[in-house]
Amino acid sequence: MIKLLKCEFMKTRRKYIFLTAIIITAAGLIWGLHGEYSGFFQKNGWMVFLYQLPLINAIFMPIMSIIISSRLADIEHKGIMFKQLAAISEKGRIFDAKFIYGISIVLLCCLLNWITVIIFGYVNDFAGDVPIKLYLLFLLFTIIPTIAVYIFQHTIAMLFKNQAVTFFSGIIGTFLGLFSMFLPQIPLMRKLFIWGYYGVLQFVGLFGWTKEMRYDSAYFEVMNIDWTFFTVLLIISIAMYIIGRYLFSRKEV
């Protein structure tokens with residue numbers, strides 16, 4: 001496995017895959033952190049991020065997963081590299097190595113995103129100390145849906161030579177996930193699609209906002225966490241990985 005991972009690194013040194021992931025992360029941060037932080041927003045800045053960043057992550061983390069998984073698989077699809085790799089290693093191990101390499105890049109960007117958000121809050125003098133327990137939960141609830149989405153994208157990218165399939169399925173899924181987050185009155189819709197779990201696991205809500213009063217009487221509240229569907233997502237992720245690995249192992253390359 002170490003040799004396969006080293007091989008992945010050598011093949012992608014000049015493909016700028018990690019740079020691409022950093023650029024996508026930076027774009028999400030610019031969008032999510034842009035604004036004037038004074039008054040209500042400075043007083044409640046830590047909670048503001050916990051409220052609004054799941055939506056930003058639901059856009060940029062799936063996009064990153066699409067691009068990284070597709071580029072890693074396309075390196076092999078363009079030639080007969082899968083056939084050559086299969087001659088020296090089991091196809092299941094090839095599937096594992098590419099997954100570990102790709103998800104490592106994505107998760108590193110998740111961590112960089114999280115650290116940057118906290119530093120930004122300190123720099124802007126947000127009121128109070130960072131609620132570290134809530135932010136650790138936020139990190140967990142960013143990582144787990146991202147892993148689930150990446151497993152799906154990785155499987156599609158490895159199985160289909162035409163990477164348009166990977167992009168099309170990923171964009172449709174991202175759209176469905178975002179659409180479900182704008183329909184809180186239909187919570188089941190979020191739970192039907194793995195892309196919607198950024199919203200399912202969102203645990204900070206904004207209450208008291210009105211068109212007339214705006215933020216004068218608004219406040220944030222920590223809501224109950226849906227641990228049941230967190231567990232469901234873990235099970236779905238494991239199942240997708242097992243199925244994806246099996247299908248690739250059985251595939252003619």
Side-chain angles (χ1 to χ4, degrees), residues 25 28-29 31-62 107 109-149 174 176-237:
T25 302
L29 285 168
W31 186 359
L33 303 182
H34 176 74
E36 182 180 349
Y37 293 92
S38 60
F40 175 85
F41 293 98
Q42 188 171 35
K43 181 181 178 182
N44 298 279
W46 298 117
M47 300 301 281
V48 169
F49 284 164
L50 293 176
Y51 173 70
Q52 69 182 19
L53 289 181
L55 178 61
I56 305 299
N57 289 338
I59 299 171
F60 286 91
M61 295 305 170
L107 293 184
C109 288
C110 286
L111 185 59
L112 289 173
N113 182 302
W114 183 77
I115 292 171
T116 303
V117 167
I118 293 176
I119 292 173
F120 184 88
Y122 276 117
V123 170
N124 283 272
D125 295 322
F126 285 174
D129 296 327
V130 55
I132 191 64
K133 289 184 179 180
L134 295 182
Y135 269 76
L136 286 172
L137 278 175
F138 169 65
L139 178 62
L140 176 65
F141 295 156
T142 301
I143 286 175
I144 298 304
T146 301
I147 289 175
V149 170
T174 302
L176 290 172
L178 282 174
F179 186 70
S180 70
M181 290 182 72
F182 286 102
L183 294 173
Q185 66 273 27
I186 312 177
L188 181 61
M189 185 174 180
R190 295 184 182 185
K191 298 169 182 177
L192 289 176
F193 308 104
I194 55 175
W195 299 266
Y197 275 77
Y198 293 97
V200 172
L201 299 174
Q202 184 178 11
F203 58 90
V204 170
L206 174 64
F207 301 92
W209 188 93
T210 62
K211 188 176 181 180
E212 296 76 21
M213 299 294 293
R214 296 184 64 78
Y215 294 99
D216 290 346
S217 57
Y219 63 95
F220 291 99
E221 186 173 306
V222 178
M223 303 180 292
N224 292 329
I225 296 172
D226 197 334
W227 289 109
T228 299
F229 275 90
F230 176 80
T231 306
V232 168
L233 183 60
L234 289 177
I235 295 171
I236 290 172
S237 301

I'd like a table of donor-acceptor pairs (distance under 3.5 Å, sequence neighbours excluded) in which one partner is a side-chain atom from residues 197-204, with atom names and distances.
from: Y197; atom 1: OH; to: K191; atom 2: O; distance (Å): 3.0
from: Y198; atom 1: OH; to: T146; atom 2: N; distance (Å): 3.4
from: Y198; atom 1: OH; to: T146; atom 2: OG1; distance (Å): 2.7
from: Q202; atom 1: NE2; to: Y51; atom 2: O; distance (Å): 2.6

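L136 is linked by a side-chain contact (heavy atoms from CB on, under 4.5 Å) to W114, I132, counting only residues two or more places apart in sequence or in another chain. For I59, the side-chain contact (heavy atoms from CB on, under 4.5 Å) partners at least two apart in sequence or on another chain are W31, I63, L178. With sequence neighbours excluded, the residues forming a ring-ring contact (aromatic ring centres under 6.0 Å, His included) with F126 are Y37, W46, F49, listed by chain and number. Under the ring-ring contact (aromatic ring centres under 6.0 Å, His included) criterion, F41 pairs with Y215, not counting sequence neighbours. Here I119 pairs with I115, V123 under the side-chain contact (heavy atoms from CB on, under 4.5 Å) rule; sequence neighbours left out. The side-chain contact (heavy atoms from CB on, under 4.5 Å) test applied to N113 returns T25, L29, N57, M61, V117, not counting sequence neighbours.
L206 has its side chain out of reach of Q52: every pair of non-hydrogen atoms, C-beta onward, lies at least 4.5 Å apart. Proximity of F141 to I225: side-chain heavy atoms (C-beta onward) are separated by under 4.5 Å at one or more points. Side chains of R190 and L183 form no contact here, defined as non-hydrogen atoms less than 4.5 Å apart.
How far CG of L111 is from OG1 of T116: 9.0 Å, rounded to the nearest 0.5 Å. Here C110 contributes atom SG and L140 contributes atom CG; the two are 11.5 Å apart, rounded to the nearest 0.5 Å. One finds the CZ atom of F193 at 4.5 Å from the CG atom of L176 (value rounded to the nearest 0.5 Å). Between T174 atom OG1 and F60 atom CZ the span is 11.5 Å, to the nearest 0.5 Å. Considering OG1 of T231 and CD1 of I144, their distance stands at 10.5 Å, rounded to 0.5 Å. Summarising the geometry, atom CG belonging to L107 is positioned 11.0 Å from atom CG belonging to L112; distances are rounded to the nearest 0.5 Å.
Within the structure, the salt bridge (Lys or Arg N to Asp or Glu O under 4.0 Å) test picks out no pair touching residues 130-144 (sequence neighbours left out).
For the residue pair Y135 and G45, the shortest heavy atom distance occurs at OH-O, 4.5 Å. Taking each heavy atom of S180 and G196 in turn, the nearest pair found is OG-CA, 3.8 Å.
Only one option out of I236, I235, L234 pairs with V232 in a side-chain contact (heavy atoms from CB on, under 4.5 Å); it is I236.
Enclosure of atom CZ in F179 is not indicated, since only 12 or fewer non-hydrogen atoms of other residues, nucleotides or ligands lie within 6.0 angstrom.
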Full working for side chain to side chain contact (heavy atoms under 4.5 Å, CB included) between L53 and F138: CA-CA 9 Å; L53 289 181; F138 169 65; 3.7 Å; yes

